[in-house]
Amino acid sequence: MDAKNIWFIGTGQFAAFCLEGLRKYDIPVSKIITGLPTRSGRNNRENPSAVELKANELDLSVTRTGKLSENQELIHELENVKPEIIFVIDFGQIIREPFLSYMCLNIHPSLLPEYRGAAPIQRGLLDGKNYAGVSVFRLVQAMDAGDILTQAKIPVDENTYASDLYVKLSDLGCKIASEALRSELTFTPQDENNAIYAGKLDKNEFALSFSMSAEKFCNTVRALDMSGGAYVLVNGKRLKLWRATLRKDINASSPGKILNLDNTPVISCYDFCVELAEVQSEGKKKTSGAEWSRGARLKIGDLL
């Protein structure tokens, strides 16, 4: 790697995985910038960003910032140091000048111009795509619209969850970024006619019903396992759904009817059935579907 001065700007979990991946593929990062901690709980406890936690784990120093475009100290350092490359990943802020005057690269977990925006992994799984991908591209003012340096694609099956893709695509993105940076940089413009937007998740998308299709039910569970988890109401209380399997081999009945309890509970949707492998009742820890069904004293034929 010829570049000696590389900055990293990121906040979220995908960025944290990428920070680790860049190190794995020998891309040296000289400065790490992340967002301010959030606060929660009665004691207003400070919660550092995922990137800061990963940096601490890797024994790397980190600089916190509020609104980047108003951080005069960082802007002064930027203009004095003049980094050769700035990786901006999962940061949650719009990057403006003077940062955009530098080589700002983003690792985005989609095959751009597909799924520009905040939730590309989740939207792809919600749409039932049988593939996923990652793009390394140059930042411009428009969202995720810059020229592409390199891309890669992987298959997705019904056992692939968002958590799997966070790990796989961050690692793959760092790998292809490392390979591209070791050769002459060549960028390809995106085709605006094929742009698809991956908007933020709406809270209503987390609520499931056994009246929906079994495939959509399972796709949603797979898509939301890194976003707090989908849920279904059982006796008026939320049951979080962490793992669910589509069962086309069992004929559907009335939506919500328990059809099998031999091992993991199998429940009818309107067209096919779903097997609830891992769940979480309100105020309790995650557990297997089998253990939950025993604790809830469910019986075959019960309606949820």
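All values reported here derive from a predicted model rather than from experimental measurement.
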Q. If only atom types and distance count, is the side chain of Glu84 paired as donor or acceptor with the main-chain N or O of Asn5 below 3.5 Å?
A. yes
Q. Same cluster or not: are Ile107 and Tyr131 linked, directly or through other Ile, Leu, Val, Met, Phe, Trp or Tyr residues, by side-chain heavy atoms under 4.5 angstrom apart?
A. no
Q. Is it the case that more than 12 heavy atoms not belonging to Glu215 sit under 6.0 Å from its CD atom?
A. no
Q) Atom NZ in Lys216, atom CG in Asp127: separation rounded to 0.5 Å? A) 10.5 Å
Q.
Are there over 12 heavy-atom neighbours, none belonging to Glu73, within less than 6.0 Å of that residue's CD?
A. no
(Q) Just checking Arg45: does its CZ atom have more than 12 heavy atoms from other residues, nucleotides or ligands closer to it than 6.0 angstrom? (A) no
Q.
If only side-chain N and O atoms count, and only distance matters, is there a donor-acceptor pair under 3.5 Å linking Ser281 with Lys237?
A. no
Q.
If I take atom OG1 from residue Thr34 and atom CZ from residue Arg64, how far apart are they, to the nearest 0.5 angstrom?
A. 9.0 Å
Q: Spell out, yes or no, whether Val156 and Leu224 are grouped together once hydrophobic residues are joined by side-chain heavy atoms under 4.5 Å, including indirect joins.
A: no
(Q) Let me confirm one number: the CG-OH distance from Asp90 to Tyr166, rounded to the nearest 0.5 Å. (A) 6.5 Å
Q.
Measuring from atom OG of Ser163 to atom CZ of Arg222, what distance do you get when rounded to the nearest 0.5 angstrom?
A. 11.0 Å
**Q.** Check: Leu112 main-chain N/O paired with Ser135 side-chain donor or acceptor under 3.5 Å
**A.** yes
Q: With the side chain counted from C-beta on, respond yes when Glu70 and Leu68 share a heavy-atom pair under 4.5 Å apart, and no when they do not.
A: no
Q. If you measure only the distance, is there a donor-acceptor pair under 3.5 Å linking the side chains of Tyr25 and Asp171?
A. yes
Q.
Given 3.5 Å as the limit, does a donor-acceptor pair link the side chain of Lys82 with the main chain of Glu79, or not?
A. yes
Q: State whether the number of non-hydrogen atoms from other residues, nucleotides or ligands found under 6.0 Å of Asn235 atom CG is greater than 12.
A: no
Q. Do the side-chain N and O atoms of Thr287 and Glu291 include a donor-acceptor pair separated by under 3.5 angstrom?
A. yes
Q.
Looking at Ile94, I'd like to know if its CD1 atom is crowded, meaning that more than 12 non-hydrogen atoms belonging to other residues, nucleotides or ligands lie closer than 6.0 Å.
A. no
Q: Kindly indicate whether the side chain of Ile32, heavy atoms from C-beta on, has any atom under 4.5 Å from the side chain of Val29.
A: yes
Q: State, without any angle test, whether Gln190 and Arg116 hold a side-chain donor-acceptor pair at a distance under 3.5 Å.
A: yes
Q: To the nearest 0.5 Å, tell me how far Thr160 OG1 sits from Asn130 CG.
A: 10.0 Å
(Q) Using a 4.5 Å cut-off between side-chain heavy atoms of Ile, Leu, Val, Met, Phe, Trp and Tyr, which other residues end up in the same hydrophobic cluster as Trp292? (A) Tyr161, Leu208, Phe210, Met212, Phe217, Val221, Val232, Val234, Leu239, Leu241, Ile258, Leu261, Ile267, Val274, Leu276, Val279, Leu298, Ile300, Leu304
Q: Check for a donor-acceptor pair, side chain of Asp144 on one end and backbone N or O of Gly117 on the other, with a separation under 3.5 Å.
A: yes
Q) Under 4.5 Å between side-chain heavy atoms, hopping through other hydrophobics if needed: is there a path connecting Val140 to Val136? A) no
Q. Considering only heavy atoms from C-beta outward, does the side chain of Cys18 approach that of Ser170 to under 4.5 Å?
A. yes
Q: Kindly work out whether a path of hydrophobic side-chain contacts (I/L/V/M/F/W/Y, heavy atoms less than 4.5 Å apart) joins Phe137 to Leu105.
A: no
(Q) Under 4.5 Å between side-chain heavy atoms, counting indirect links through other Ile/Leu/Val/Met/Phe/Trp/Tyr residues: same cluster for Leu172 and Leu125 or not? (A) yes
(Q) I need the Tyr231 OH to Thr220 OG1 distance, nearest 0.5 Å. (A) 12.0 Å
